[in-house]
There are 2 protein chains.
Amino acid sequence: MSISPTTGLSGSMKAPSASSASTVTALGRRAVISREDLVAAALKLVGPHRSVSSLSLREVAREAGIAPNSFYRHFRDMDELAIALIDQAGRSLRTIIGEARHRATEGRSVVRSSVETFMEQLSADEKLLHILLREGNVGSDAFKLAVERELSFFEDELRVDLVRLAQAHDTAVHEPALAAKAITRLIFAMGATAMDLPRERHAEIAEQMIVMVRMIIVGTQTIAVHGTVPD
Amino acid sequence: MSISPTTGLSGSMKAPSASSASTVTALGRRAVISREDLVAAALKLVGPHRSVSSLSLREVAREAGIAPNSFYRHFRDMDELAIALIDQAGRSLRTIIGEARHRATEGRSVVRSSVETFMEQLSADEKLLHILLREGNVGSDAFKLAVERELSFFEDELRVDLVRLAQAHDTAVHEPALAAKAITRLIFAMGATAMDLPRERHAEIAEQMIVMVRMIIVGTQTIAVHGTVPD
DNA sequence: CATCTGTCTATACACTTGTATATTATTATC
DNA sequence: GATAATAATATACAAGTGTATAGACAGATG
């Protein structure tokens, strides 16, 4: 049931770089293919009309140029491969958004900067985002948990930002955790639908996202100041 | 008051044209199975771990008790069956929310009433909601378009409600269409994740949804009154 | 009655899938 | 060079898939 956060599963380091470990003597044939190669092969196969959970083991092996059975040297399942994919996608996106946040603190709007970076990345690094955005609802439990975990990372970081942002404006935030959750889920849901749209409309979607996020931020601040709200 | 598709007890008319029994004389053998029966069979197969797009034609035929080839008498594809399923799910949910809205106007909070009805239905009529909530991201274009269409129905109805609600409180709404879109997507995204949680936690999720929706409503009203907002 | 027509079934084909088993290839150490 | 260990392959199998083709059934029409 372990999600296996990194490639750490069952202490089998097949990576070719593993021989760099001094004392450890790797016996046997040198691995000609790595976990990363398989992940990359899977990545080449996913797309707007191809979900990770619909990939077959043989298909990935074919794309990677190995025999079907060799797959088992690196992953037990397609599920395990899928989780590795999610990890990579999550790491990538978190890095990107981190940069956006950093860029934002030196000037422009945090909201606009983050949303625009998100949408840029949607175009540039399509595949990874695809996986994270739209495949959290299908697939195995492990799969879903892995996506859920990535989302909660975003929520945590965003919550901290929301509080800091409010303090900078001398105001407060009502239920920052909930506000962060709402923003995260909303952005991801909007991003998922945006991926089916032509590039020209991405800017338009980004503007919609910005307004939506501002509604939530203004709402949570207003509630914090004026107390609860009429039904 | 059952939301379920009234799984056609037995072969009534099957013709999609619903030619009824007027002057048109149906030649040949009487259909022993109907489109609705096939839809019902597919519905029995979907679940938390089984997406519609992963169902096979043979599987549905087996569940319905017909030969695989008989499937083609009713649908061209599994895709076409999937779209019929979405239509049914959308109709069902719209009816339910309509009732919630009606119930709300005679007293309690529209937000609370709608959200709670939504979550109740999530438990009661799981299968149909599953389909609508989580399968909009995978599957064919036709599939995705069908889900998108259902969502836009909700958005339209919600937008009207938002404006009316604001008028009743002597205030205004900033970009009601966007606010409606944000609320819809958010509720659906939250609902999708809620389905993987045990029933006991549904009430908790419902409370979170209510707060989130209020944030958006308060936000859009505040922006409408105080104009735009600092970055 | 026979005939026609649409519904359903049976059989079959070519294909893909996951995986079990056995074999070969390549490397590091002795 | 021999040996041991490991990576990768080849072959095979049972199961599942979509669908083409042809025939069997049942009921209204002539």
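So you know, we letter chains A, B, ... as the sequences are listed, proteins then strands, and number each from 1.
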d([atom1], [X]; [atom2], [N]) in whole Å:
X	N	atom1	atom2	value
A:Arg35	D:dA7	CZ	P	13 Å
A:Arg30	D:dA5	CZ	C1'	16 Å
A:Leu45	C:dT17	CG	P	11 Å
A:Ile66	D:dT9	CD1	C1'	11 Å

Requested in this report: Give a yes/no answer on whether the side chain of B:His74 brings an N or O atom under 4.0 Å of OP1 or OP2 in C:dC8.
Outcome: yes
**Report entry** D:dA7 phosphate, OP1 or OP2, under 4.0 Å from A:Arg73 side-chain N/O
**Finding:**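 Affirmative; the distance criterion is met.
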Query raised in the report: What distance do A:Thr117 atom OG1 and A:Leu122 atom CG have between them, rounded to the nearest 0.5 Å?
Result: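 These two atoms lie 12.0 Å from each other.
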Report task. Could you grab the distance from atom CD of A:Glu63 to atom CG of A:Leu45, nearest 0.5 Å is fine? Result ->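 So the CD of A:Glu63 and the CG of A:Leu45 are separated by 4.5 Å.
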Report task. List for me each residue that meets side chain to side chain contact (heavy atoms under 4.5 Å, CB included) alongside A:Gln208, sequence neighbours excluded, and say none if there are none. Result ->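 Result, side chain to side chain contact (heavy atoms under 4.5 Å, CB included) vs A:Gln208: A:Met190, A:Glu204, A:Ile205, B:Leu178, B:Lys181.
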Query raised in the report: Can any side-chain N or O of B:Glu155 pair as donor or acceptor with the backbone N or O of B:Thr184 at less than 3.5 Å?
Result: no
Report summary line: Expected string for nucleotides 12-20 of chain D under the B/S/- scheme (protein heavy atoms, under 4.0 Å, primed atoms plus P, OP1, OP2 as sugar-phosphate) is B----BBBB
Query raised in the report: Is A:Glu157 salt-bridged to A:Arg94, going by a charged N under 4.0 Å from an acidic O?
Result: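 Salt bridge absent between A:Glu157 and A:Arg94.
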Query - Carboxylate-amine/guanidinium proximity below 4.0 Å for A:Arg50 and A:Glu59 - result: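 Here A:Arg50 pairs with A:Glu59 in a salt bridge, since their nearest N and O are under 4.0 Å apart.
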